[in-house]
Amino acid sequence: MVSQLSKEGAQHIPITRDNSTIEFRNVNFSYVSGKPIFDNLSLTIPAGKKIAIVGGSGSGKSSMIRLLYRFFEPTSGDIFIGGVNIKDIDLDCLRKSISIVPQDSVLFHETIFYNLHYGDLSKSKEEVFEASKMADLHDSVARWPQGYDTQVGERGLKLSGGEKQRVAIARAILKGAPVLVFDEATSSLDSITEHNILDALQRATEGRTSICIAHRLSTVMDADEILVLQNGRLQERGSHQQLLNNPHSLYSRMWNMQHNGSSARAASAI
């Protein structure tokens, strides 16, 4: 069911880093009747922790974020932040508390400064520069002939894939939301660029509740906990090493398939 506007009596409840624990409680959801995405899904994402969500295609990784952001409503069950049902939180207040770094960020045919500032237009120029530094973008921009006045082109065509992702990360940092979501944020990048972006992500997530949706498991090895979804339920959870220690776990099988596949491709390229 598509989300409705805030219900009458919804509260402007401030969500902070300390009270940003997220809980899915017995959540059922489907886009089309008869094809369930979640089957009584229950899980908790503790405040201040970096949690990775992994699973096969169609396991509901991105659907979790759509429900959390209230683009859609669960068929049944509830979602809480800081112990408060998100249906009872003013929609604008809820969405201001969550920053999302998407796989493909939207850029405007404007200057790089304008595109960064879009994260929160109320912030000062100095705060924009600081967010740019945290996203490992500032030094590159400073070397451009027109610096922060450089036009990025239609949909950011003058920027590389890595630079676009850094803009998205800087926007999220500037917004200052207590909850950060990275939805396959590095999936379209090469390995070297991905490594540099991961360093920026590590700085951005410090002290915040962060959810990293990933296909490539190598990008979430440092997560405090990894949640593995399968058939609409939470199948496994644990650290990278804990999950690998069980050779029969779904995570281990996914890891081996990706790792062995990468090794085979590397060998064939020699």
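Throughout, numbering of the chain's residues begins at 1 and tracks the sequence.
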Could you tell me whether a side-chain N or O of [X] sits under 3.5 Å from a main-chain N or O of [Y], the two making a donor and an acceptor?
X      : Y      : result
Ser252 : Asn246 : yes
Gln258 : Trp255 : no
Glu127 : Ser124 : yes
Lys35  : Ser30  : no
Lys175 : Ile98  : yes
Asn85  : Asp88  : no
Glu236 : Leu250 : yes
Arg25  : Thr44  : no
Asn115 : Phe108 : yes
Arg208 : Gly48  : no

To the nearest 0.5 Å, what is the distance between [atom1] ([X]) and [atom2] ([Y])?
X      : Y      : atom1 : atom2 : value
Ile86  : Arg70  : CD1   : CZ    : 6.0 Å
Asn231 : Asp39  : CG    : CG    : 9.0 Å
Phe71  : Ile65  : CZ    : CD1   : 11.0 Å
Ile169 : Ser105 : CD1   : OG    : 9.5 Å
Ser210 : Ile51  : OG    : CD1   : 7.5 Å
Ser62  : Leu67  : OG    : CG    : 11.0 Å

Between [X] and [Y], which heavy-atom pair has the shortest distance, and what is it?
X      : Y      : value
His109 : Gln151 : O-OE1, 3.9 Å
Pro74  : Ile79  : CG-CD1, 4.2 Å
Leu159 : Glu163 : CA-OE1, 3.4 Å
Ala170 : Leu116 : CB-CD2, 3.5 Å
Ile100 : Pro102 : O-CD, 3.4 Å
Ser97  : Leu94  : OG-O, 2.5 Å

Checking [Y] against [X]: is there a side-chain donor and acceptor pair closer than 3.5 Å?
X      : Y      : answer
Asn28  : Thr75  : no
Asn26  : Ser76  : no
Tyr251 : Arg237 : no
Asp149 : Thr111 : no

Heavy atoms from other residues, nucleotides or ligands near NZ of Lys123 exceed 12 (cutoff 6.0 Å):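 Yes, the 6.0 Å shell around NZ holds more than 12 heavy atoms from other groups.
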Heavy-atom side-chain proximity of [X] to [Y] below 4.5 angstrom:
X      : Y      : answer
Arg166 : Asp136 : yes
Val152 : Leu157 : no
Met254 : Leu217 : yes
Glu225 : Ser239 : no
Thr219 : Phe182 : no
Ile81  : Asn19  : no
Lys87  : Asp78  : yes

Between [X] and [Y], is there a shared hydrophobic cluster once you connect ILVMFWY residues whose side-chain heavy atoms come closer than 4.5 Å?
X      : Y      : answer
Leu227 : Val179 : yes
Ile173 : Val167 : no
Tyr69  : Leu43  : yes
Leu107 : Val101 : no
Val54  : Ile211 : no

Check step by step if ring-ring contact (aromatic ring centres under 6.0 Å, His included) holds for Phe72 and Tyr31. CA-CA 9 Å; Phe72 295 89; Tyr31 294 107; 5.2 Å; yes
Could you go step by step and tell me if Asp139 and Lys133 meet the side-chain contact (heavy atoms from CB on, under 4.5 Å) rule? CA-CA 7 Å; Asp139 290 345; Lys133 290 175 183 177; 5.9 Å; no
So His117 and Phe113, would you call those rings parallel, tilted or perpendicular, with 30° and 60° as cut-offs?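 The rings of His117 and Phe113 sit tilted, inter-plane angle from 30° to 60°.
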Lys96 and Asp92 ion-paired at < 4.0 Å: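 Salt bridge: yes.
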Checking ring-ring contact (aromatic ring centres under 6.0 Å, His included) for the pair Tyr148/Phe129: CA distance, chi angles, key distance, verdict? CA-CA 9 Å; Tyr148 279 91; Phe129 293 158; 4.6 Å; yes
Which is it for Thr209 and Lys49 under the side-chain contact (heavy atoms from CB on, under 4.5 Å) test, yes or no, and what are the steps along the way? CA-CA 5 Å; Thr209 304; Lys49 297 295 184 180; over 6 Å; no
Cation-pi, Phe38 ring and Arg233 (6.0 angstrom, 45 degrees):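 Not flagged: Arg233 not positioned over aromatic ring of Phe38.
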